[in-house]
Amino acid sequence: EDTVRAGGYSHGMTILREAAAQGNNGQGGTGAAPNVSTLPYRVGNSYVMDTNRMALGILHAYSMGAKVACIAGAGLQNTEFTRQVFDFVFKHGMLVVLGSADETSYHHNIPSYYNQVVFITGMVANNHELYDVLPTTTFNAKSNLANYGEHNHLSVSGISTSNSTAVGAGVAALVYSNGLQMFDDGKLAWPMRADEVKQIMTLTADDINEAPDPQKWPSGPGWDQVFGYGKLHAGHALQSMSKDTIPPEAIIDTPSWFTIVDPTRFPVVAISGKAAADRYGSYRYVLEYGLGIMPQEWYRSEERRVGKECR
């Protein structure tokens with residue numbers, strides 16, 4: 001959170017309200033998850049902060065029982081401690097939701113490119129800041145502030161990616177809460193895991209695939225680097241959840257994102273990760289690879305049918 005500005009505005013508390021402000025109390029709008037408990041942490045004085053302090057805040061929140069970390073900020077360093085914290089909390093049920101930042105760039109800030117996060121970018125109305133000139137026809141336009149790129153997961157409405165991140169974190173909290181209710185009702189054997197929540201959010205997003213237009217950011221079927229897997233849809237995410245439809249977990253640990261591999265030195269690339277479907281008896285996984293940011297063709301590397309978990 002940055003220093004409180006004139007009129008009492010502060011970046012951190014504004015984001016907290018958009019994620020979880022209570023409704024029907026006559027005090028402004030309602031957050032995406034209005035009935036959840038929140039733990040505000042101040043880990044820096046500006047949007048860019050010491051990544052180790054960020055990790056300490058996440059770790060303490062985890063120790064207090066938090067399930068979602070909402071970070072509308074970026075780090076200065078890529079430390080081993082930070083990477084270990086993100087990996088630890090993810091494997092133990094906590095999901096970190098991070099904003100892409102507002103530099104209109106393809107670069108990814110630390111730690112938004114970590115495997116264990118949900119990367120959020122921003123969306124606005126097609127006539128954003130041009131209301132007197134153009135009619136509103138869609139809310140599926142990419143924000144001209146928001147970053148994009150290879151690790152983009154989801155697009156969420158918001159004037160800035162900070163606003164979008166708050167809503168994304170709120171929706172993640174809704175998915176966790178719904179899973180906890182299902183567990184209490186005997187519909188799930190255990191509460192939701194972090195990767196299951198991430199999979200639900202991405203699998204149920206509304207795909208953005210519009211006709212080419214020189215006045216619009218390009219989109220395409222399925223995942224693309226501008227909109228990710230599409231526009232986050234809270235209703236679809238919650239409606240998709242049943243004892244028979246919780247998606248499996250799948251994550252690649254190494255090589256990490258943006259690792260440069262020289263094929264003249266390493267003709268074979270070792271890939272490690274986890275695939276698990278503990279809620280079901282067995283499953284099949286397929287490992288494919290493609291060339292470039294948005295591959296036009298995928299090549300099958302491995303296919304196996306295994307028990308509940310495979311690493």
Side-chain angles (χ1 to χ4, degrees), residues 18-21 23 29-36 67-70 90 93-100 117-126 136-143 146 148 151-158 161 163-185 187-188 190-210 217 219-251 276-277 279-280 283:
E18 295 194 9
T30 302
N35 292 322
V36 302
K67 288 297 184 182
V68 180
C70 173
F90 184 82
M94 183 182 189
L95 186 62
V96 180
V97 180
L98 270 160
S100 67
V117 307
V118 173
F119 180 104
I120 300 288
T121 192
M123 300 185 75
V124 293
N126 66 291
T136 302
T137 59
T138 177
F139 287 89
N140 290 342
K142 177 191 173 298
S143 167
Y148 55 96
H151 200 228
N152 189 3
H153 287 128
L154 289 164
S155 298
V156 181
S157 295
T161 53
N163 307 113
S164 303
T165 304
V167 175
V171 173
L174 290 177
V175 175
Y176 269 113
S177 297
N178 192 41
L180 187 60
Q181 185 65 56
M182 294 171 67
F183 170 70
D184 291 342
D185 294 341
K187 298 177 181 179
L188 292 181
W190 55 82
M192 298 294 294
R193 294 172 175 169
D195 199 29
E196 292 174 332
V197 175
K198 180 179 179 180
Q199 299 289 350
I200 286 175
M201 293 171 69
T202 55
L203 288 171
T204 59
D206 288 340
D207 187 26
I208 306 298
N209 180 24
E210 299 185 346
W217 288 80
S219 59
W223 181 91
D224 64 70
Q225 65 171 326
V226 175
F227 296 99
Y229 290 99
K231 188 174 185 178
L232 179 63
H233 197 302
H236 288 169
L238 297 176
Q239 292 164 7
S240 74
M241 298 174 64
S242 73
K243 67 180 183 66
D244 298 320
T245 58
I246 303 301
E249 301 171 78
I251 187 169
R279 300 182 189 274
Y280 311 99
Y283 67 98

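In what follows, every heavy atom counts, from backbone to side chain, and hydrogens, waters and symmetry copies are set aside.
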Note, [X] side chain near [Y] side chain (heavy atom, < 4.5 Å):
X    : Y    : result
Y176 : V36  : no
R279 : L188 : yes
L180 : M192 : no
I200 : S240 : yes
D195 : F90  : yes
K198 : V118 : yes
T136 : N126 : yes
V197 : K67  : no

To the nearest 0.5 Å, how far apart are [atom1] in [X] and [atom2] in [Y]?
X    : Y    : atom1 : atom2 : answer
S100 : H151 : OG    : NE2   : 12.5 Å
T121 : K142 : OG1   : NZ    : 5.0 Å
S219 : D207 : OG    : CG    : 8.0 Å
L154 : F227 : CG    : CZ    : 13.0 Å
I246 : E196 : CD1   : CD    : 6.5 Å
Y148 : T161 : OH    : OG1   : 14.5 Å

Of all the heavy-atom pairs spanning [X] and [Y], show the shortest one and how long it is.
X    : Y    : result
A237 : V175 : CB-CG2, 4.1 Å
W217 : V226 : CB-CG1, 3.8 Å
A169 : C70  : CB-CB, 3.5 Å
K187 : K243 : O-CB, 3.0 Å
E210 : T138 : OE2-OG1, 4.3 Å
A172 : V97  : CB-CG2, 4.3 Å

Query raised in the report: Would you call the rings of Y229 and H153 parallel, tilted or perpendicular, where under 30° means parallel and over 60° means perpendicular?
Result: parallel
